[in-house]
Chemist: 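Below you'll find the structure I mean.
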Amino acid sequence: MKLNRLLEQAGREERGAEDAIVTGFAIDHRKVAPGTVFGAFAGAKVNGEDFIDAAVAAGAIAVVARPGAKVEGALHIADGNVRKAFAQIAAQYFTPVPEAIVAVTGTNGKTSTVEMTRQLWRMLGERAASIGTLGVTTPDESVSTGLTTPDIVTFHANLSGLAREGVTHIAYEASSHGLDQYRNYGARVVAGAFTNFSRDHLDYHESMEAYFEAKMRLFDEVIADDGTAVIWADGSEWADKARTRAEKRGLRIFTVGPEGEDIRLIAQEPSQLGQSVEIARNGDRRTIRLPLIGQYQAANALTAAALALASGADEARLWDAVGRLQPVRGRLERAVITQSGAPVYVDYAHTPDALEAAIAALRPHVNGRLIVVFGAGGDRDTGKRGPMGEVASRLADVVIVTDDNPRGEDPADIRRAVMQGAGENTREVAGRREAIAQAIEIIGRDDIVLIAGKGHEEGQIIGSGDTMRVLPFNDVQVAREEASRINAGSQETGR
Ligand SMILES: CC(=O)N[C@H]1[C@@H](OP(=O)(O)OP(=O)(O)OC[C@H]2O[C@@H](n3ccc(=O)[nH]c3=O)[C@H](O)[C@@H]2O)O[C@H](CO)[C@@H](O)[C@@H]1O[C@H](C)C(=O)N[C@@H](C)C(=O)N[C@H](CCC(=O)O)C(=O)O
Ligand SMILES: Nc1ncnc2c1ncn2[C@@H]1O[C@H](COP(=O)(O)OP(=O)(O)OP(=O)(O)O)[C@@H](O)[C@H]1O
Ligand SMILES: N[C@H](CCC[C@H](N)C(=O)O)C(=O)O
Ligand SMILES: [Mg+2]
């Protein structure tokens, strides 16, 4: 595509050589090829401007950079907001895109909600995909990207690649990091949901207000002018604030939840393998049998239903589809039933609020003790560790604090920080496999084990920088292995 045509479409004033043709986009100079538009971003680790010369030498024909940056040998597209300008131009290049794009933000529930939205669309006969922590999931496959919101080039390339494959509906996860860095800016988003807001990522955002501001970029800038803001309305202060922001922008408001006006959650009744959910919608009451346990999963399912409605789904068939939702990988997933008949669940709770929600989800199903195994990730928000210890210790019966992804930190230091918030019912066990084994060893017939924090993850990240290693580790698999090892051992000893 001609560079000048692209710039014109993006509403830019700059013009390059008449015959210049754009062949791609890159934000890493090592990915520049002849004809690339390079984005020089000032990052957390290094300054992309240091690589402008190298990018031009590799064939970049235009560089999006701050007005003060030095660009020689290529067109300087100067903008004070480099990431946003780059996203706007890239969006003109990567076309077509799916007709219905929706986004989900919030501290917890993004992955679950995008996955459920994808499932609903699929049951309604659409060719749907999702992009998020679980990777890019299409009608045919699932591919990991390593990030919740991929980088801007990967994101746009995926949108247009999927559209070319015939995907018409996409739900993506808008992480606060992604929103803050305009990693998903540019494409037309017809609806966006705000699930909830609580403590996380304060290593990056520094204050709850700054973290909230990053999330609000979804309503302020990402959703299309005529789009819909879906808000989980639970009466919390943050839900109200989110609503005010969406109203200010002039978006259509769709509220769902116990305080919701468009879908009101009236009652939830847990059953053996799921729950019945009573809602009011357009003056009618209806009960949905949801094959998923836990209040939070109902919240995510209803938010997904709201997104489907906001993007034009046929309501006559929607509620039946909600009743057929499948569990999301690593979210209250039952890993194994031990020899004693007690289940072991794996969940991705890695914030105090999520731990509380996961424990609350399982509580109605426990007659004996709820045993929780978890830790906290290294090189991430340190202030959430004590509160996670406190929540688990207060709400579970037995707590085993162990390692998550230690990254660049000493795992003993992380465990100690978690233990600070915990009480008498909590013990510390180094090594996640050993901790899982100990939980399964003490499980009784009426007990339930919850292994929290890593969910679907396939590896354990140890070390950082050049010494970083990812050791294969999946909680579901380890729980199965330990359960069968312990089972075999007890048969041998005749226990
Ligand atoms: C702190 C953070 O968010 N960092 C992300 C960010 O990097 P950055 O812009 O700060 O980049 P940098 O490494 O300082 O480099 C600056 C620029 O120079 C370029 N560069 C760098 C080196 C070089 O040799 N040549 C070159 O051109 C880089 O490509 C970059 O454009 O942008 C990169 C590309 O988009 C991301 O890969 C990177 O994610 C890092 C690896 C990361 O760990 N991110 C986590 C914290 C994250 O984003 N998590 C959220 C999930 C949160 C949740 O689920 O709740 C996510 O969305 O995944
Ligand atoms: N609606 C919700 N309210 C409270 N907690 C929730 C909710 N949905 C999920 N959780 C908890 O948060 C965990 C993570 O869920 P999910 O992966 O859907 O969230 P996420 O927002 O994508 O997380 P991440 O920030 O890591 O991408 C779940 O395993 C569960 O413990
Ligand atoms: N998306 C989350 C994942 C945390 C998962 C947990 N296992 C950890 O490593 O901290 C984050 O980047 O904070
Ligand atoms: Mg996620």
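For ligands, and for the atoms within them, numbers begin at 1 and follow the listed sequence. Numbers here simply count residues along the sequence, with the first being 1.
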Chemist: Return yes when Arg407 approaches ligand 1 closer than 4.0 angstrom through a heavy atom, no otherwise.
Modeler: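 Contact absent.
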Chemist: With a cut-off of 4.0 Å, which atoms of ligand 1 are near a heavy atom of Arg83?
Modeler: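 Counting atoms of ligand 1 from 1, those under 4.0 Å from Arg83 are 9 (O).
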Chemist: Is there at least one pair of N or O atoms, one from Asp151 and one from ligand 1, spaced under 3.5 Å apart?
Modeler: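 It does not: no N or O of Asp151 is found under 3.5 Å from an N or O of ligand 1.
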Chemist: Specify whether an N/O/S atom of Ser175 falls short of 2.8 Å from the Mg ion (ligand 4).
Modeler: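 For Ser175, the answer is no, given that no N, O or S atom comes within less than 2.8 Å of the Mg ion (ligand 4).
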Chemist: Before you tell me yes or no, could you show the steps for Asp151 and Thr154 under side-chain hydrogen bond (donor to acceptor under 3.5 Å, both in side chains), namely the whole-Å CA-CA distance, both residues' side-chain angles and the distance that decides it to 0.1 Å?
Modeler: CA-CA 5 Å; Asp151 72 79; Thr154 307; 2.6 Å; yes
Chemist: If I apply the N/O under 3.5 Å rule, does His201 come out as touching ligand 1?
Modeler: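 Yes, since at least one N or O of His201 sits under 3.5 Å from an N or O of ligand 1.
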Chemist: When you measure from atom 26 (C) of ligand 1 to the protein, is at least one non-hydrogen atom found at a distance under 4.0 Å?
Modeler: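 Under 4.0 Å from atom 26 (C) of ligand 1, at least one protein heavy atom found.
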Chemist: Quick one: sort the Phe94 and His156 rings into parallel, tilted or perpendicular, breaks at 30° and 60°.
Modeler: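 If you compare the ring of Phe94 with that of His156, the planes turn out parallel.
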Chemist: Would you please say whether a donor-acceptor pair under 3.5 Å links the side chains of Gln88 and Gln92?
Modeler: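 Judged by distance alone, the side chains do not pair up.
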Chemist: Quick one: look at His29 and ligand 1, take heavy-atom pairs under 4.0 Å, and tell me if it's side chain, backbone, both or neither.
Modeler: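 It is both backbone and side chain that touch ligand 1.
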Chemist: Just distances here: any N/O of Glu173 and N/O of ligand 1 closer than 3.5 Å?
Modeler: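 Not met; the criterion fails.
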Chemist: Before giving the answer on side-chain hydrogen bond (donor to acceptor under 3.5 Å, both in side chains), spell out for Ser176 and His205 the whole-Å C-alpha distance, their side-chain angles and the decisive distance to 0.1 Å.
Modeler: CA-CA 9 Å; Ser176 58; His205 298 289; 2.8 Å; yes
Chemist: Would you say the side chain of Phe473 lies within less than 4.5 Å of the side chain of Arg432, judging by non-hydrogen atoms?
Modeler: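 With C-beta onward as the side chain, the pair touches.
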Chemist: Could you check whether the rings of Phe212 and Phe197 sit parallel, tilted or perpendicular, using 30° and 60° as the cut-offs?
Modeler: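 The arrangement is perpendicular - the two ring planes meet at more than 60°.
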Chemist: Measure from the Mg ion (ligand 4) to every N/O/S atom of Glu173 and report the name of the nearest one.
Modeler: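 It is OE2, the N, O or S atom of Glu173 closest to the Mg ion (ligand 4).
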Chemist: With side-chain hydrogen bond (donor to acceptor under 3.5 Å, both in side chains) as the rule and sequence neighbours excluded, what pairs involving residues 45-58 come up?
Modeler: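 Residue pairs with at least one partner in residues 45-58: Glu49-Arg66.
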Chemist: Could you tell me whether atom 20 (N) of ligand 1 has a protein heavy atom closer than 4.0 Å?
Modeler: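 When distances to the protein are checked, atom 20 (N) of ligand 1 has a heavy atom within 4.0 Å.
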Chemist: Does the side chain of Leu179 come within less than 4.5 Å of Tyr185's, by heavy atoms?
Modeler: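 Contact flag for Tyr185/Leu179 side chains = no.
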Chemist: Could Arg217 and Tyr182 be counted as a cation-pi pair, given that NZ or CZ must be under 6.0 Å from the ring centre and within 45° of the axis?
Modeler: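 Yes, Arg217 sits over the ring of Tyr182.
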Chemist: Any nitrogen or oxygen of Ile27, side chain or backbone, less than 3.5 Å from one on ligand 1?
Modeler: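 So ligand 1 has an N or O lying under 3.5 Å from an N or O of Ile27.
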Chemist: Please report whether ligand 1 has a polar contact with Phe38, defined as an N or O pair separated by less than 3.5 Å (distance criterion only).
Modeler: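 The answer is no, given that Phe38 and ligand 1 share no N or O pair closer than 3.5 Å.
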Chemist: With the side chain counted from C-beta on, respond yes when Leu134 and Val328 share a heavy-atom pair under 4.5 Å apart, and no when they do not.
Modeler: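 The answer is yes; the side chains approach within 4.5 Å.
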Chemist: Report yes or no: do Lys384 and Thr351 form a side-chain donor-acceptor pair below 3.5 Å?
Modeler: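 No pair is found: no donor N or O on one side chain lies under 3.5 Å from an acceptor on the other.
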Chemist: Should the proximity of His350 to ligand 1, defined as any heavy atom under 4.0 Å, be assigned to the side chain, the backbone, both, or neither?
Modeler: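 Near ligand 1, His350 shows nothing, with every heavy atom at 4.0 Å or more.
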Chemist: Let me know which protein residues bring a heavy atom to under 4.0 Å of ligand 2; chain then number is fine for ordering.
Modeler: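 Its neighbours under 4.0 Å (heavy atoms only) are Thr107, Asn108, Gly109, Lys110, Thr111, Ser112, Thr133, Thr148, Glu173, Asn196, Tyr296, Asn300, Arg331, Asp347, Tyr348, Ala349, His350, Ala354, Ala357, Ala358, given by chain and number.
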Chemist: Kindly say whether the aromatic ring centers of Phe25 and Phe38 come within a distance under 6.0 Å.
Modeler: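 No, they do not, as the ring centres are separated by 6.0 Å or more.
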Chemist: Would you kindly say whether Thr133 and Thr148 are connected by a side-chain donor-acceptor distance under 3.5 Å?
Modeler: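 Thr133 vs Thr148: donor-acceptor pair found between side chains.
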Chemist: Verify the distance test for Thr111 against the Mg ion (ligand 4): any N/O/S atom under 2.8 Å, yes or no.
Modeler: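 Here the distance criterion (N, O or S atom, under 2.8 Å) is met by Thr111, so yes.
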Chemist: Ala44 versus ligand 1: do any nitrogen or oxygen atoms come within less than 3.5 Å of each other?
Modeler: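 Yes, since at least one N or O of Ala44 sits under 3.5 Å from an N or O of ligand 1.
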